[in-house]
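Because only heavy atoms are used, hydrogens play no part in the values below, and waters and symmetry mates are left out as well, while side chains stay in.
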Protein chains: 2
Amino acid sequence: MSVRTLCLAILNFEDATGYEIRKQSTEGKYRYFFDASYGSIYPTLARLEAEGLVTVREEAQSGKPARKVYSITPAGRAAFIAALSEPVARDTFRSPFLLVAMCADQVGPGAVRNAIDARLGYLREELGLMETMQGECPNEATRFILDYGRTCVAHDIAFLESNRARLEEIATGPTKDLPQAAE
Amino acid sequence: MSVRTLCLAILNFEDATGYEIRKQSTEGKYRYFFDASYGSIYPTLARLEAEGLVTVREEAQSGKPARKVYSITPAGRAAFIAALSEPVARDTFRSPFLLVAMCADQVGPGAVRNAIDARLGYLREELGLMETMQGECPNEATRFILDYGRTCVAHDIAFLESNRARLEEIATGPTKDLPQAAE
DNA sequence: ATCTTGATATATCGGTTCGATATATTGATG
DNA sequence: CATCAATATATCGAACCGATATATCAAGAT
């Protein structure tokens, strides 16, 4: 799934600047399943324009730098729908946390505990954001995605809370005869 | 999280070729949280060797091309542990399926149904693989990861089975007065 | 016999993307 | 004053992707 398709998706809903596209992919409803950097968005928009799939107009605004607002063309809409109608690729997922978990015995208990706490921290924050966004959600498709995500994150949190001790024990090492030093 | 760290992780467990590292990242225990392409693995190994973090020896073998077996150095081990002890980055996740879901009303019911079926297909397959791998799993950390993944995938499947109708309805459009054509 | 396929292996290409950074403008804060 | 944040555009070098190429052999199909 490419940044190209994401840009077309966002522009298909409404005109946007590169900055707004980036903002939506990190803070808006797209954030749950995509993220794209400036380094990819701007070159992608330039290519889409060169191919006639989007047009751009410049808007001056007082107090801020000028904006370049991108609009999708009919050819762009067609390309977007075509892209969506292809067989759907699998999700991609990478988890530095799980790499730490796999190597827990080498990392040590402190770092593992920190990693678990940090993870729970951002998962809880995410859950809160999802619940907030859902409260103001006008659109059934977005609601579906938020439900999906919310229940997954809630599950994630529950698993971690129930099982963190296992991981911490691996990180600490086999049961020792000596009492643990006071921390 | 980089392919670099993944290569060091795999080599920290045991010597491996580029081909084996790729195999482990797509089929072995690392597959649940990382995937890396040949296009990144080979250049990464070359860089790691140039930096003295791994060494390579060539092994002839009859009936097959010669292998280049990589081993981690003590400096490589230290770099690996250091990398793991950094603050852990968040998971990254991309889902073409969820983009299709968000645009369901434009994609149409056939494509949405296909996407759901395909997704359920590979999730079920994944679940089966996890259960198999867990049955033969000697290592507690790996068992933790498989439990984590298994329960997430099971949840994913359950959600999709319970809620697919919602998505299909969005894709079909608002309730129509006309009866649906027979398919 | 030949051809195709699959497995084990190494490797690279052009294109895309990342993460960091630069620049510009303004307003708010220390 | 300097710093930070927000709104904006843009680019760099490095990393990575997806596809492909090459090599060797064995097994199966024609």
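- Legend: side chain to side chain donor-acceptor pair (under 3.5 Å) pairs involving residues 73-87 of chain B, not counting sequence neighbours, sorted by first then second residue: B/Asn12-B/Arg77.
- The salt bridge (Lys or Arg N to Asp or Glu O under 4.0 Å) search around B/Glu51 returns B/Arg4, not counting sequence neighbours.
- For A/Arg22 and D/dA6, the CZ to P distance is 14 Å, given to the nearest whole Å.
- Listed pair B/Lys68 / C/dA11 meets the phosphate criterion, a side-chain N or O lying under 4.0 Å from OP1 or OP2.
- Axis orientation changes by 10° from one end of the helix from C/dA1-D/dT30 to C/dG30-D/dC1 to the other, with each end axis drawn from 5 pairs and the value rounded to 10°.
- For the ring-ring contact (aromatic ring centres under 6.0 Å, His included) condition, the pairs that include at least one residue of residues 130-161 of chain B, sequence neighbours left out, are A/Phe144-B/Phe159, A/Tyr148-B/Phe159, A/His155-B/His155, A/Phe159-B/Phe144, A/Phe159-B/Tyr148, B/Phe144-B/Tyr148.
- A/Val69 belongs to no hydrophobic cluster, as no Ile, Leu, Val, Met, Phe, Trp or Tyr side chain comes under 4.5 Å of its own.
- By the salt bridge (Lys or Arg N to Asp or Glu O under 4.0 Å) test, A/Glu131 pairs with no residue at all, sequence neighbours left out.
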Base-contact (B) and sugar-phosphate-only (S) positions in nucleotides 13-23 of chain D, heavy-atom cut-off under 4.0 Å, - elsewhere: --SSBB----B

Does the side chain to side chain contact (heavy atoms under 4.5 Å, CB included) test come out yes or no for B/Cys7 and B/Tyr70, once each step is laid out? CA-CA 10 Å; B/Cys7 288; B/Tyr70 292 84; over 6 Å; no

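- Applying the ring-ring contact (aromatic ring centres under 6.0 Å, His included) test to pairs two or more places apart or on separate chains, none has a residue in residues 83-111 of chain B.
- B/Arg150 meets the salt bridge (Lys or Arg N to Asp or Glu O under 4.0 Å) test with B/Asp147; sequence neighbours excluded.
- One finds a salt bridge joining B/Arg143 and B/Glu140 here, because a Lys/Arg side-chain nitrogen approaches an Asp/Glu carboxylate oxygen to under 4.0 Å.
- Distance A/Arg67 CZ to C/dA24 C1': 16 Å, rounded to the nearest Å.
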Kindly list each side-chain donor-acceptor pair under 3.5 angstrom involving residues 27-36 of chain B, sequence neighbours excluded, with atom names and distances?
unit_1, atom_1, unit_2, atom_2, d
B/Arg31, NE, B/Thr26, O, 3.0
B/Arg31, NH1, B/Glu126, OE2, 2.4
B/Asp35, OD1, B/Arg22, NH1, 3.4

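- Between the C1' atom of C/dA11 and the CD atom of B/Glu49 lies a distance of 14 Å, rounded to the nearest Å.
- Residues of residues 5-16 of chain B having a heavy atom closer than 4.0 Å to DNA chain C: none are found.
- Atoms OH (A/Tyr42) and P (C/dG19) sit 17 Å apart, rounded to a whole Å.
- Between A/Tyr19 atom OH and D/dT11 atom C1' the separation is 18 Å, expressed in whole Å.
- Listed by chain and residue number, A/Arg67 satisfy the salt bridge (Lys or Arg N to Asp or Glu O under 4.0 Å) test with A/Glu20 (two or more places apart in sequence, or in another chain).
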